[in-house]
Amino acid sequence: MLFSVSPVSPSLARVAFLICLTFVLQQPGVLALKTKRPFYSTWYDWGWYGLYPQRSYQSSGLLSPLFNFRTWQSECNDHGYVLLEPRGLLVTQPGPVITDKQGNLVWKGAEWGEVMDFKVQVYQSQQVLTFWVGEDSGTFGQGRYIIVIREVSAANGRFGDLHEFKITSDGTALLTSYVQTPADLSHFDISTQGWIYESVFQEIDIATGTLLFEWRASNHYSFNDTYASPSALGELATEPSTAFDWFHINSIDKDTDGNYYISSRYLHTVSCINDTSGEVLWTLGGKRNEFTDVSPTGMFASNIAWNHHATYLGNETLTVFDNAKAKGMSRNDPPSSQYSRRVLAKLDPTNKIVELLQEFPHPRGWTAQSQGSVQILPSANVLVGWGYIPGYTEFSSAGKPLCDVQFAPTMISTLGWVKNYRTAQNDEWVGRPGTRPAVKVFRDLFSRSAMGKLSVSWNGATEVARWVLQGVDAPIGAWPEAVFQNVMEIERNGFENVFELDKIEYEVPQYVRVAALDSDEKVLGVSHVLDKTREATLAVPWTIMTVVLTASCFLFYKVWRKRQLLLQPVMRKICTQKVLRHTALGSWLVQSYEKEDDIIEYQQMLYHDEDVPGMDLNEMNGDGRGKQE
């Protein structure tokens, strides 16, 4: 035997037990799913569940964010779905995500990869899912727009940008595009031919692709108006590949009179554009602000900075996401908000007066360096997505945070490793996928039979009320519909549910499948057939994995401690030499043994220049070690 483990003290045993218990109880679902409150853990912010916590699903292989509900009020627990598109360094399976209001997965479009501007819109009287997909440069995109039933591109051969794709009631689409364009950039001390990324927006007819309107920023604004610079953005601006993004359009809206409203991040403005001439009717914010701010003392509507997602609400009111700051680019900003916020402003375009009606700041006073969104819900609540900060908040109409949700721990929230361009909500979407329910037979360490359990899910299906397990013993090829018999039925709860096959008292047929039923007992779909004896895989529960991990850590500590005790005689001699006692390493080693009586004795002798037994401190070898007597 190489080592022996000494008896564990009662206090140490209690600590180890509490660690194991905490691991088990803090796992997603162990406590949260037994209460009405969605999942919440104070350990989340400490990275206990990882830097990007996720839930995995046996039946489909999909992954979804594990949301932490820092604040949760009953007003949030209504019907509806939240739409996100998490992406970033730590997001191993990006794609559009739909969840219910308690964070349970409803649909994941993993096959699409990284997408942006994911939302539900109405096209030809149908609710459709739309999003952008393509190449993201880090500030804008070059790609196309997806309506689940078709694909849409920008007109005139341009690439569709990631920032906006909005379907109007007329069957048209408002979209952004970035176009490499030569320009005179002498204002930025660039004497050679300069290049810019021109901010362009279009309105096109979706059915025909016909261009109805196009607007270019440089025809109406000057480079003097921007708060960005080529040097701050790291753009040389002397060739197309290093063009300067000076305007940065990131949202478009349209009112019933036909006028457009656009947000410019780098000009710090929201502008109203005439739908015929392209003339700028007015500008709010930035260097060309035309409005006198009559907001209450200490509050402002015209000092928006690095803003996103401006929306015209009618009655001369406007909402906008005010980022307030931008990392590495805010040195020369005029005074702005100290935190990111949702701004609701009342405008008087005739007299050029603006007043701040409401501001909803980030609940912890943070600033989102980029991205962000605002949506007024049918309930009059306000949904704010924090963009660069991985989370969203639903406020009451009066500004009270009802739900404050995060999907990455606080320790990395401002690093951009997990982010989400926009957050949206829809209360009426109905998902009827054209695929089959996904099923998988597996067994865990507690299974009492060879097959154990069967997991089932149906990605995107919103009308499933119950799952029915059906089985047959007839050989393949002899499966008329009437042969399959009902074996077991369970209620649908969350995205994935499990049949406990090993707990069924009678023998389950060899071949099984699962039928999805709605609340009216109508069969919505049926999975493919599985051979339960051949397709079972081993799945180790996370609880067991954490207990094993904890035990392994404890055993490693004991082994390390035993080896440390064996090395103590050697380390004592090294630590107590005059050569090492003045070094950082020697000092640390001495301190590591300071609780040992014999080490304290050595230290006392050294600091009184007494001889140490067994060491000749006056005779040193070339390698700095003392000769032993």
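Ion pair Lys346/Glu355 not flagged as a salt bridge, since none of the NZ, NE, NH1 or NH2 atoms sits closer than 4.0 Å to an Asp/Glu carboxylate oxygen. Looking at Arg422 and Glu164, a side-chain N of the basic residue comes within less than 4.0 Å of a carboxylate O on the acidic one, giving a salt bridge. The pair Glu114-Lys419 does not count as a salt bridge, with every side-chain nitrogen at least 4.0 angstrom from each carboxylate oxygen. Using a cutoff of 4.0 Å between basic side-chain nitrogens and carboxylate oxygens, Lys287 and Asp225 are not scored as salt-bridged.
Thr92 is linked by a side chain to side chain contact (heavy atoms under 4.5 Å, CB included) to Gln54, Leu63, counting only residues two or more places apart in sequence or in another chain. Not counting sequence neighbours, the partners of Ser277 by the side chain to side chain contact (heavy atoms under 4.5 Å, CB included) test are Asn274, Glu279. Here Arg265 pairs with nothing under the salt bridge (Lys or Arg N to Asp or Glu O under 4.0 Å) rule; sequence neighbours left out. By the side chain to side chain donor-acceptor pair (under 3.5 Å) test, Ser413 pairs with no residue at all, sequence neighbours left out. Applying the side chain to side chain donor-acceptor pair (under 3.5 Å) test to Gln121 and every residue at least two apart in sequence or in another chain returns Thr130. Shown here are the side chain to side chain contact (heavy atoms under 4.5 Å, CB included) partners of Asn219, two or more places apart in sequence or in another chain: Arg216. Here Tyr339 pairs with nothing under the ring pair (Phe, Tyr, Trp, His ring centres under 6.0 Å) rule; sequence neighbours left out. Every residue two or more places apart in sequence or in another chain that forms a side chain to side chain contact (heavy atoms under 4.5 Å, CB included) with Ala155 is listed here: Gln202, Ile204, Leu211.
Panel note: side chain Thr367, backbone Gln369; no donor-acceptor pair is recorded below 3.5 Å. Judged by distance alone, with hydrogens and angles left aside, the side-chain atoms of Asp255 form a donor-acceptor pair with the main-chain N or O of Asn259 at under 3.5 Å. With hydrogens and angles ignored, the 3.5 Å screen pairs no side-chain donor or acceptor of Asp322 with any backbone N or O of Val343. In this structure, the side chain of Asp117 does not engage the main chain of Leu162 through any donor-acceptor pair within 3.5 Å.
For CD of Gln180, the number of neighbouring non-hydrogen atoms (other residues, nucleotides, ligands) closer than 6.0 Å is greater than 12. Counting heavy atoms of neighbouring residues, nucleotides and ligands inside a 6.0 Å radius, atom CH2 of Trp429 exceeds 12 of them. Environment of CZ in Phe159: sparse, with no more than 12 heavy atoms of neighbouring residues, nucleotides or ligands closer than 6.0 Å.
A donor and an acceptor atom, one from each side chain of His248 and His163, are located under 3.5 Å apart. For the residue pair Asn307/Ser263, the side-chain donor-acceptor check at 3.5 Å is satisfied. Between the side chains of Asn381 and Ser396, no donor N or O sits under 3.5 Å from an acceptor N or O. Residues Gln425 and Asp427 have side chains that bring a donor and an acceptor to within less than 3.5 angstrom of each other. Side-chain N/O atoms of Ser264 and Tyr221 include no donor and acceptor closer than 3.5 Å. If you check the side chains of Gln375 and Lys119, you find no donor sitting under 3.5 Å from an acceptor. Counting only N and O atoms by type, the side chains of Ser373 and Tyr392 include no donor and acceptor under 3.5 Å apart.
Among pairs with a residue in residues 312-321, those fulfilling side-chain hydrogen bond (donor to acceptor under 3.5 Å, both in side chains) read Thr319-Arg342, at least two apart in sequence or across chains. Counting only residues at least two apart or in different chains, ring pair (Phe, Tyr, Trp, His ring centres under 6.0 Å) contacts with residues 283-302 comprise Trp282-Phe291. Evaluation of the salt bridge (charged side-chain N to carboxylate O under 4.0 Å, His left out) test over residues 379-396, restricted to residues two or more places apart or in two chains, returns Lys101-Glu394.
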request  = Could you walk me through whether Phe140 and Tyr178 pass ring-ring contact (aromatic ring centres under 6.0 Å, His included), step by step?
outcome  = CA-CA 7 Å; Phe140 63 90; Tyr178 283 65; 4.7 Å; yes
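The side-chain contact (heavy atoms from CB on, under 4.5 Å) with Ile376 is formed by just one residue from the set Thr311, Leu383, Val382; it is Val382.
Taking the six-membered ring wherever Trp is involved, the centroid distance between the rings of Phe223 and Trp246 falls below 6.0 Å.
Ring pair Tyr227/His268 is parallel by interplanar angle, where below 30° counts as parallel and above 60° as perpendicular.
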Between side-chain atoms of residues 401-411 and protein atoms elsewhere (two or more places apart, or another chain), which donor-acceptor pairs fall under 3.5 Å?
unit_1	atom_1	unit_2	atom_2	d
Asp404	OD1	Thr393	OG1	2.9
Gln406	OE1	Asn68	ND2	3.2
Gln406	OE1	Arg70	NH1	3.2
Gln406	NE2	Asp45	OD1	2.9
Gln406	NE2	Ala408	O	2.9
Thr410	OG1	Asp45	OD1	2.7
Thr410	OG1	Asp45	OD2	3.1
Thr410	OG1	Arg364	NH1	3.3

